[in-house]
> 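Have a look at this one before I ask anything.
Order of listing sets the numbers, starting from 1, for every ligand and every atom in it.
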Amino acid sequence: MPIDLPPPSNVIQHVGDHVTSSSSWQPTEAVITRLEKERPGFIFRENQLPPLQLPEVLRSHDGSLATTAAEWETRVRPETLEQFRHVVFGQSPSVPAGFKIESVSEDRYALKGAAIHQTFRVVVPVPGPEKTFSFEYSVFTPTSAAGKVPLFLLLNNRGVNAADPERATLSSFWPVEMLIARGYGTAVLHLPDVQPDRPDGLSAGIIAALPVDAEKGEHWGTLAAWAWAASRVLDGLQSSPSVDATRVAVIGHSRGGKTALWAGATDSRFAMVIANCSGCGGAALSRRPFGETVARINEVFPHWFCENFKGFGSDTTRLPIDQHQLLATILPRALYIGCADEDLWADPRGEFIALTAASAVAPLYGQPALDADQLPQINQSLVAGKLGYHVRSGGHDLTDWDWQQYVAFADGVWKRH
Ligand code: GTR
């Protein structure tokens, strides 16, 4: 049963082609005009969108509404996850027997003595002649920590220089030094080590190595393979004497953000999920064709989702679910959605609508829901209970400012002051 969302009139008023605002964030005319030139044929104005109707997050297939946390957890949430496996991300394999994690290296004097740096290898038994498929991840923990530390696991979708474990190249994409100084551990998984990010990449990587028992239409895609690997890293973190595995935040940017959401949805051991500029197939709504659309993402990145998702490009209203329900499956754990002013391709406002709709789950756990009229001003972090949201000024990136908001959010949720 779809519900009508309130029109955005309390946030944005449409006057012909011009948009005037209340104090909430709204895109500037200059950015809209630039994107309309750069990406003709796509929508960057609210008044060009079709009316939005979304499935209710608490509604079960049988029509009943979850009114308790137990009903949500035992009925609606599992149904929702199954729909996402079926039509968006595909079915992932179970963990093969004999799977193990080996220590590769340890530097007890990393970052001039501020951190211990360890590297691990995940070894997955596979049926082919290679017998195993393996990939590595790196972990930094503060030397001065009195006990186990909470940790940010970055899913790195960029080159190694964006998240260099050797620290020869420093980048705001992975501010290890800042995180260590703030008392956090941090780990990085380089996503292409698990699965190549190419349309023709499905004949390589973990997807080629590890068979999955699923119909063709719901065979796992690249994002699901990356998310599965993130869970294997969490397996390793669980046996670390220096990491508090009950306080691990999985964080990713863009395609890494989409992956972080799916990892958090499918693995409730992740206590916090942070999706930065995740956009279409991430926190942005498929039924809102603002910026990147389902048709376009499946055309340009045909390897990311399962085959079934391609069938909805021409009419997203036929999708049995939408991305707000993906966000809902992460609740009542902590969830932060960050995006950027100039990144209209990723639809910051659509991400906020998705988060507010997902927040219907929060009151079942005594936590506050969000209202659509709470869209914050630019460069202001909105935090309500265990939900966070911001629109930063600037473009499609994971910046120092974004990280500062995420660390402050984790400090608050995990009461570290
Ligand atoms: C964009 C793409 C997005 C996003 C991004 C990225 O071009 O359209 O869906 O994933 O790239 O990962 O950088």
Side-chain angles (χ1 to χ4, degrees), residues 27 31 34-44 84 88-90 154-163 171-174 188-199 201 205 221-227 229-230 250-265 273-306 309-310 312-313 316 319 322-323 326-327 337-351 354 391-392 394-399 402-403:
V31 171
R34 169 160 59 82
L35 283 164
E36 283 177 337
K37 270 205 197 100
E38 282 172 15
R39 298 192 185 269
F42 292 93
I43 297 176
F44 298 101
F84 275 97
V88 182
F89 295 99
L154 174 68
L155 307 181
N156 180 30
N157 57 298
R158 293 190 171 171
V160 175
N161 281 352
S171 157
S172 66
F173 204 78
W174 191 36
V188 69
L189 172 65
H190 293 288
L191 298 176
D193 292 350
V194 176
Q195 186 60 40
D197 190 7
R198 297 193 313 264
T222 299
L223 300 183
W226 290 340
V250 61
I251 171 168
H253 165 70
S254 203
R255 64 200 77 186
K258 304 179 212 295
T259 306
L261 291 169
W262 187 233
V273 179
I274 301 166
N276 190 76
C277 299
S278 61
C280 183
L285 293 162
S286 296
R287 281 172 174 73
R288 218 179 105 94
F290 190 102
E292 188 170 28
T293 60
V294 170
R296 156 86 189 201
I297 203 168
N298 278 317
E299 183 192 320
V300 179
F301 305 103
H303 53 299
W304 280 1
F305 302 94
C306 70
F309 197 40
K310 299 188 170 72
F312 295 94
T316 52
L319 275 164
D322 208 320
Q323 299 302 106
L326 175 66
L327 306 188
I337 304 297
C339 35
D341 178 37
E342 293 174 30
D343 194 6
L344 300 186
W345 186 241
D347 191 11
R349 185 163 195 283
E351 294 194 343
V391 185
R392 166 186 47 76
H396 186 67
D397 202 357
L398 174 55
T399 69
D402 295 315
W403 274 105

> Measure the spacing between CH2 of W345 and CZ of R296 and express it to the nearest 0.5 Å.
4.5 Å
> If we set the cut-off at 4.0 Å for heavy atoms, which region of I297 has an atom near ligand 1: side chain, backbone, both, or neither?
side chain
> Pick, from G281, G291, S254, the option with the minimum heavy-atom distance to atom 4 (C) of ligand 1.
S254
> Which residue and non-hydrogen atom of the protein lie closest to atom 11 (O) of ligand 1, and at what distance in Å?
R255 NH2, 3.5 Å
> Which protein non-hydrogen atom lies closest to atom 1 (C) of ligand 1, naming both residue and atom, and how far is it?
W345 NE1, 4.1 Å
> Within the 4.0 Å heavy-atom shell around K258, which atoms of ligand 1 are there?
3 (C), 4 (C), 9 (O), 10 (O)
> At a 4.0 Å threshold, what atoms of ligand 1 neighbour a non-hydrogen atom of W304?
9 (O), 10 (O)
> Is there a heavy atom of H396 sitting under 4.0 angstrom from any atom of ligand 1?
yes
> Is the ring pair F290/F44 parallel, tilted or perpendicular, if the boundaries are 30 and 60 degrees?
perpendicular
> How close do P199 and P302 get, counting heavy atoms only, and between which atoms?
CB-CG, 3.8 Å
> I'd like to know if the side chain of H253 pairs up with that of N156 as donor and acceptor (distance under 3.5 Å, no hydrogens or angles considered).
no
> Provide the closest heavy-atom pair for V391 versus P348 in the form atom of the first, atom of the second, distance.
CG2-CB, 4.3 Å
> Would R296 count as a contact of ligand 1 if the rule is a heavy atom under 4.0 Å away?
no
> Just by distance, with hydrogens left out, do D197 and W304 show a side-chain donor and acceptor under 3.5 Å apart?
yes
> Please round to the nearest 0.5 Å and tell me the distance separating atom CD of Q323 and atom OG1 of T316.
10.5 Å
> Would you mind telling me if ligand 1 is within reach of the side chain of H253, the backbone, both or neither, using heavy atoms under 4.0 Å?
neither
> Looking only at N/O atoms, are E292 and ligand 1 under 3.5 Å apart anywhere?
yes
